[in-house]
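Given the structure is predicted, the values throughout are model-derived calculations rather than measurements. Positions are given from 1 along the sequence.
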Amino acid sequence: MTPTTRSVGLLAAGALLLTSGCAALSDDSGSSASGSDSGKVQIAAAFYPLEFVAERVAGDLAEVTPLTKPGVEPHDLELSINQTAALQSADLILTEHGFQPAVDDAVEQDVKGEVVDVEKIVELRKAEEGHEEGHEDEHAEGEEAAAEDEHAHGESDPHFWHDPLLMAQYAEGVRDALVKADPDNAETYEANAKSLTEDLTKVDEEFKTGLAQCKIKDVVVSHDAFGYLDKYGLEFESIAGLTPDAEPNPAQLAEIGEHAKEHGVTTIFSERLVSTALADTLADDLGLKTAVLDPIEGLSADTEGEDYLSLMRQNLDALKAANGCQ
């Protein structure tokens, strides 16, 4: 082999290694997880409601990388190497401390972007302010599950997005972070945030009107994700705790069944992304109907074409049907 031939071979091998390395840092869509040459603001959003806000406020001026893909239960998220790289290179990181431990751990590592944390912007309600103060605390058999639940979420109920006005507050925080990161486009971010706030306010009004006159005030749901909806006059009894895997014991299930019968509940609500077995079993035992009330923690194969606003409206329709609202 001549020196020239050997040099060409080495260059070709080097190019192959470089190409392989780039492929290793690409996500499923083929885009680089370590940033972009587009010049757009890079945003990593921990789970769907935060992703929705980012996309609406940033518009086409940013590239939003969702860390929780459709079909993944956000509590169970484990970050891949690509997702960790996206966090490390993002200009803005949208997260909610305590909701996803894997994201919290990654954020505590070497991230260069600004962290836009829900709990720094929105006043979260205390977990014990819910309709039933931690089922597991009321049943000795569930004490270990309660401890795990509290560790995962701290003392606050993280499901703030079920109050559209709190979503609007978070949108303001995202707007401010975008303006700081990209001041040249401040007017666009401000206009987009205003438009989103108008849409969220409209949904809030629809819930107020739609649930103002309900024959039944009690709702039995799969897990304790809907406490913020009690502002509209309903009371929520959950089968599981703040996380879907915080399962009740038989005594607790019996108690929930008695509560449902006492308050004239017609429907046991299950949800997407997790097993419906407990809700289905309880409904069968009580001779009640089942329906879906979406926690909107993430999208599923059935809801990839929906967005936060349409899913909230689907939930409103489901509640009105189950509770005899006029």
Side-chain angles (χ1 to χ4, degrees), residues 73 125 127 129-136 138-139 142 157 159 161-164 203-300 302-303 306 308-326:
E73 214 296 319
R125 58 184 272 156
E129 289 176 359
H131 172 57
E132 286 294 327
E133 181 179 340
H135 284 305
E136 291 83 6
E138 297 174 4
H139 301 277
D157 182 344
H159 305 90
W161 55 90
H162 288 289
D163 183 341
V203 171
D204 179 64
E205 291 297 329
E206 290 173 14
F207 268 79
K208 287 179 181 176
T209 302
L211 301 178
Q213 299 183 36
C214 297
K215 295 178 181 179
I216 302 168
K217 294 294 185 181
D218 287 74
V219 185
V220 176
V221 296
S222 182
H223 92 278
D224 190 10
F226 302 94
Y228 287 87
L229 289 177
D230 68 6
K231 65 178 279 187
Y232 302 112
L234 299 180
E235 296 184 358
F236 291 83
E237 180 85 8
S238 61
I239 298 174
L242 284 173
T243 57
D245 57 355
E247 295 187 359
N249 56 46
Q252 183 181 342
L253 274 176
E255 182 181 331
I256 295 171
E258 289 300 318
H259 180 91
K261 289 188 289 186
E262 179 182 347
H263 293 86
V265 170
T266 66
T267 305
I268 305 297
F269 285 105
S270 61
E271 61 188 69
R272 301 179 178 99
L273 299 181
V274 297
S275 172
T276 65
L278 279 174
D280 291 343
T281 298
L282 183 60
D284 287 343
D285 291 345
L286 298 174
L288 302 179
K289 296 182 292 184
T290 58
V292 171
L293 201 65
D294 198 323
I296 321 183
E297 295 178 346
L299 297 178
S300 69
D302 295 331
T303 60
E306 305 291 341
Y308 166 83
L309 299 172
S310 65
L311 290 173
M312 283 290 286
R313 291 186 168 108
Q314 286 181 18
N315 281 351
L316 174 58
D317 290 341
L319 289 169
K320 288 167 65 177
N323 288 58
C325 308
Q326 299 178 351

- Pairing residues for Lys231 by the salt bridge (Lys or Arg N to Asp or Glu O under 4.0 Å) criterion, not counting sequence neighbours: Asp163, Asp204
- I would like to know whether Phe207 and Met312 meet side chain to side chain contact (heavy atoms under 4.5 Å, CB included); could you show each step before the answer? CA-CA 9 Å; Phe207 268 79; Met312 283 290 286; 3.8 Å; yes
- Query: Taking only residues two or more places apart in sequence or in another chain, which ones pass side-chain contact (heavy atoms from CB on, under 4.5 Å) with Leu309?
  - Reply: Phe52, Arg56, Asp199, Leu200, Val203, Asp307, Arg313
- Message: Do Gln314 and Glu306 make a side-chain contact, defined as non-hydrogen atoms from C-beta onward lying under 4.5 Å apart?
- Response: yes
- Do Leu229 and Leu234 have side chains that get closer than 4.5 Å, going by heavy atoms? no
- For Ala225, what residues pass the side-chain contact (heavy atoms from CB on, under 4.5 Å) criterion, not counting sequence neighbours? His159, His223, Pro295, Glu297
- Query: What pairs of residues pass the side-chain hydrogen bond (donor to acceptor under 3.5 Å, both in side chains) test when at least one of them lies in residues 278-287, not counting sequence neighbours?
  - Reply: Thr276-Asp280
- Heavy-atom check, side chain of Leu316 versus side chain of Glu206, under 4.5 Å: yes
- Task: Indicate the atoms forming the closest heavy-atom contact of Leu286 with Ala260, along with that distance.
- Result: CD1-CB, 4.0 Å
- Item | Intermediate values then yes/no, side chain to side chain contact (heavy atoms under 4.5 Å, CB included), Thr266 and Lys215 | CA-CA 11 Å; Thr266 66; Lys215 295 178 181 179; over 6 Å; no
- Residues passing the side chain to side chain donor-acceptor pair (under 3.5 Å) test with Tyr228, sequence neighbours excluded, are none
- Item | Pairing residues for Val274 by the side-chain contact (heavy atoms from CB on, under 4.5 Å) criterion, not counting sequence neighbours | Glu73, Pro244, Glu271
- Check: Leu288 and Val220 side chains under 4.5 Å, non-hydrogen atoms: no
- Query: Of all heavy-atom pairs between Thr290 and Ala283, which one has the smallest distance, and what is that distance?
  - Reply: CG2-CB, 3.3 Å
- Query: Which salt bridge (Lys or Arg N to Asp or Glu O under 4.0 Å) pairs, counting each pair once, include a residue from residues 256-269, with sequence neighbours left out?
  - Reply: Glu258-Lys261
- Message: Among residues at least two apart in sequence or on other chains, which ones pass side-chain contact (heavy atoms from CB on, under 4.5 Å) with Glu205?
- Response: Lys208
- Query: Atom CD1 of Ile268 and atom CD of Glu237: how far apart are they, to the nearest 0.5 Å?
  - Reply: 9.5 Å
- Message: Which residues pass the side chain to side chain donor-acceptor pair (under 3.5 Å) test with Thr303, not counting sequence neighbours?
- Response: Ser300
- Query: What is the minimum heavy-atom distance between Pro164 and Tyr232, and which atoms define it?
  - Reply: CD-OH, 3.2 Å
- Between atom OG of Ser270 and atom CG of Leu282, what is the distance when rounded to the nearest 0.5 Å? 11.5 Å
- Query: Mind checking what makes ring-ring contact (aromatic ring centres under 6.0 Å, His included) contact with Phe226, not counting sequence neighbours?
  - Reply: His162
- Message: Between Leu293 and Phe236, is the side chain to side chain contact (heavy atoms under 4.5 Å, CB included) condition met? List the steps.
- Response: CA-CA 12 Å; Leu293 201 65; Phe236 291 83; 4.3 Å; yes
- Message: Could you work out, with side chain to side chain donor-acceptor pair (under 3.5 Å) as the rule, every residue matching Lys289, not counting sequence neighbours?
- Response: none
- Is there a donor-acceptor contact under 3.5 Å from the side chain of Ser238 to the main chain of Ala240? yes
- Not counting sequence neighbours, list each pair that qualifies as a side-chain hydrogen bond (donor to acceptor under 3.5 Å, both in side chains) and has a residue in residues 315-326. none
- Item | Intermediate values then yes/no, side chain to side chain contact (heavy atoms under 4.5 Å, CB included), Leu253 and Ile239 | CA-CA 7 Å; Leu253 274 176; Ile239 298 174; 3.9 Å; yes
